[in-house]
Amino acid sequence: MAAMSLVKAPIGQGFRPAGNNTRRGGAVVRCSLQGAVVASRTEWLASCAVLSSKVAALVSHSTNGHVAVAAAANGALLDLVPVSSTNGGARNLPAPLRIADLCPAPMHGSELRVAYQGVPGAYSEKAAGKAYQGCNAVPCDQFDVAFQAVENWIADRAVLPVENSLGGSIHRNYDLLLRHRLHIVGEVQLPVHHCLLALPGVRKEDITRVISHPQALAQCEHTLTRMGLNAAREAFDDTAGAAEYIAANGLRDTAAIASSRAAELYGMEVLADGIQDDCGNVTRFVMLAREPIVPRMDRPFKTSIVFAHDKAGTSMLFKVLSAFAFRDISLTKIESRPYRPIRLVDDASSGTATKTFDYMFYVDFQASLADPRVQNALAEVQEFTSFLRVLGSYPMDMTPMTAGSSTIISSNSSPAPSSSC
Ligand SMILES: O=C(O)C(=O)C[C@]1(C(=O)O)C=C[C@@H](O)C=C1
């Protein structure tokens, strides 16, 4: 359990936007003031001095190149205003902002703060490390919080799952892509290798409950049944969080589906290894940023769009898909999401008429926005639709997939029994 004090506490709903978070050397740090309400500015600055030395002590104990973060027991958050040491006796006055302070988003992976949903040991943390090697991965307790962390400059990027080869789409993130103004700047595919974890000494026969992220439960459904576990399955926020929960509460009748790294971090034992229903279990994550990247033509790119039409029965979808088919642009994914009825003001009738969107269609295709074929296709799509947004145009993840020891050579490969995963 010693590792638990060094891992980062997730940014939660309780976090406040940029102004209330502590930043040191590019890392976002949450600090606890042990419930104290700071009365005056002098007192506040004094508290900051204490907190910054605590933070420095924690940083010196950091592991894996990650900055260790003090878990905020009651969520008190502060900004440490830089104090100039060169302004004579007025040591408490804040130093003027410099150009460097205005550009807190560094371009190098080693300094990049990357928000992900879950706690350390979650697959999303691994995906963040694959997307931005050596980054400072920032845990968030919800997907929405990861979006907000980037929007509020607490993080520079977010890495979030959108689909899994067994469990299908992660619909929540499709909906959030529309609600927020972030841009997709990349994708990363991660082989997901699940383990069944329990406290040391616990046997399979002792287990009455298996907890994990709903996607992980879905990805191991048949294997769990085949294992003959007489256990209820319960959803948890994330895989590693489920392991942490069992460890923190000493639950000897509960197992978690999570990674082997989660087992190490939270002092759990691996009861079964490779329990996903298919060896080729892969989750696709997207990388999100405040600004889009410049689309290029010198390497394979993907583009993601979302569109809708407010009139029923006009074969809009057929027309849109044809715009791509006629230009030989391959579609890689189509997703439809029911759209909450919204009232749209009709200009022509002085704001009285309303219309309803039924579905939003999300389409990924294999071409760059810089490609004239794509620009022509989108110009046409715009004519058929009443709403069109480009979510991003970004380099395709071309890294060869390996799941466990086996290499995925084709998406049509038949599901292997879990014992060989
Ligand atoms: O719970 C985690 O560990 C996650 O990173 C989330 C998540 C998901 O949302 O799909 C990511 C990868 C796996 O597919 C299972 C769960």
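Side chains included, hydrogens not; waters and symmetry mates left out as well; all remaining heavy atoms used. Just so you know, ligand 1 is whichever comes first in the structure, and atom 1 is the first atom listed for that ligand.
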Any heavy atom of A122 under 4.0 Å from ligand 1? The part involved is both

of all protein heavy atoms, closest to atom 5 (O) of ligand 1 is S124 OG, 2.5 Å

Open item on the list: Can you tell me if G118 contacts ligand 1 (heavy atom of the residue under 4.0 Å from the ligand)?
Closed with: no

Please tell me if the side chains of M360 and P338 come closer than 4.5 Å, counting only heavy atoms from C-beta onward. no

(request) Output yes when the distance from some N or O of ligand 1 to some N or O of Q117 is under 3.5 Å, and no in every other case. (result) no

When distances are taken from atom 8 (C) of ligand 1, the protein heavy atom at minimum range is H213 CE1, 3.7 Å

Using a plain distance cutoff, I'd like to know if D238 has any nitrogen or oxygen under 3.5 Å from a nitrogen or oxygen of ligand 1. no

ask   = Quick one: does Q219 get a heavy atom under 4.0 Å from ligand 1?
value = yes

Exercise for the section: In sequence, state the C-alpha distance, the side-chain angles, and the governing distance for D397 and K130, and then conclude on side chain to side chain contact (heavy atoms under 4.5 Å, CB included). Expected result: CA-CA 11 Å; D397 182 0; K130 184 177 177 190; 3.7 Å; yes

Taking only non-hydrogen atoms of I170 and a 4.0 Å limit, the atoms of ligand 1 in range are 10 (O)

Centroid separation Y123 to H193 less than 6.0 Å: no

If we number the atoms of ligand 1 from 1 as shown, the ones under 4.0 Å from a heavy atom of T283 are 12 (C), 13 (C), 14 (O)

### Task
Apply salt bridge (charged side-chain N to carboxylate O under 4.0 Å, His left out) to the pair R209 and E234, showing each step before the final yes or no.
CA-CA 7 Å; R209 188 166 65 140; E234 272 178 36; 3.1 Å; yes

Value for CG (L176) from CD1 (I170), rounded to nearest 0.5 Å, stands at 12.0 Å

T239 N/O under 3.5 Å from ligand 1 N/O:
yes

If you scan protein heavy atoms around atom 11 (C) of ligand 1, the nearest is F285 CZ, 4.0 Å

From the list I211, L197, V202, side-chain contact (heavy atoms from CB on, under 4.5 Å) with I246 holds only for I211

#### Entry: Short N or O distance, D237 and ligand 1, threshold 3.5 Å exclusive
no

Using 30° and 60° as the class limits, which term best fits the ring planes of Y174 and Y362: parallel, tilted or perpendicular?
perpendicular

Sorted by chain and number, sequence neighbours left out, side chain to side chain contact (heavy atoms under 4.5 Å, CB included) with P295 holds for F301, S368, L369, A370, S393

Note: ligand 1 atoms sitting under 4.0 Å from heavy atoms of Q215 are 10 (O)

query = Would you say F324 and S330 make side-chain contact, with heavy atoms under 4.5 Å?
reply = no

